[in-house]
Amino acid sequence: MTKLADDLMIGAKPIATELGVPLRQAFYLLETGKIPGFKIGAKWAARKSTLKAFVDNLERAAKRVSDSAPP
């Protein structure tokens with residue numbers, strides 16, 4: 001079982017690092033709701049497992065679209 005401390009990222013910087021995007025882009029994605037996150041006080045937070053599942057779902061959806069596109 002994963003400990004919460006191992007799964008939870010607090011602050012936009014670790015979220016940006018996990019996603020491999022610039023810090024400002026991470027803020028934009030969080031602030032616009034384009035990626036799952038939540039506020040703890042004034043800081044953004046996210047679970048690694050939730051972000052991974054979100055990205056996995058995006059990847060599956062993109063594959064379905066590309067598989068159904070005409071050649």
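- Distance check, rounded to the nearest 0.5 Å: CG of L8 to NZ of K3 gives 12.5 Å.
- Applying the side-chain hydrogen bond (donor to acceptor under 3.5 Å, both in side chains) criterion to K39, with sequence neighbours excluded, gives no partner residue.
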Side-chain donor/acceptor pairs under 3.5 Å, residues 44-56, sequence neighbours excluded:
{"from": "R47", "atom 1": "NH1", "to": "D7", "atom 2": "OD2", "distance (Å)": "3.2"}
{"from": "S49", "atom 1": "OG", "to": "D7", "atom 2": "OD1", "distance (Å)": "3.3"}
{"from": "S49", "atom 1": "OG", "to": "D7", "atom 2": "OD2", "distance (Å)": "2.8"}
{"from": "K52", "atom 1": "NZ", "to": "D56", "atom 2": "OD2", "distance (Å)": "2.8"}

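- When hydrophobic clusters are built by joining Ile, Leu, Val, Met, Phe, Trp and Tyr residues whose side-chain heavy atoms come closer than 4.5 Å, directly or via intermediates, L19 is grouped together with L30.
- The shortest heavy-atom contact between P14 and I10 is CG-O, 3.3 Å.
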Full working for side chain to side chain contact (heavy atoms under 4.5 Å, CB included) between I15 and V21: CA-CA 9 Å; I15 296 168; V21 300; over 6 Å; no

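- Partners of R60 under the salt bridge (charged side-chain N to carboxylate O under 4.0 Å, His left out) rule, at least two apart in sequence or in another chain, do not exist in this structure.
- The heavy-atom pair separating A26 from A16 by the smallest distance is CB-CB, 3.6 Å.
- Residue F38 qualifies as enclosed at atom CZ: its count of foreign heavy atoms under 6.0 Å is above 12.
- Residue pairs satisfying the side chain to side chain donor-acceptor pair (under 3.5 Å) criterion with at least one member in residues 9-21, sequence neighbours excluded, are absent.
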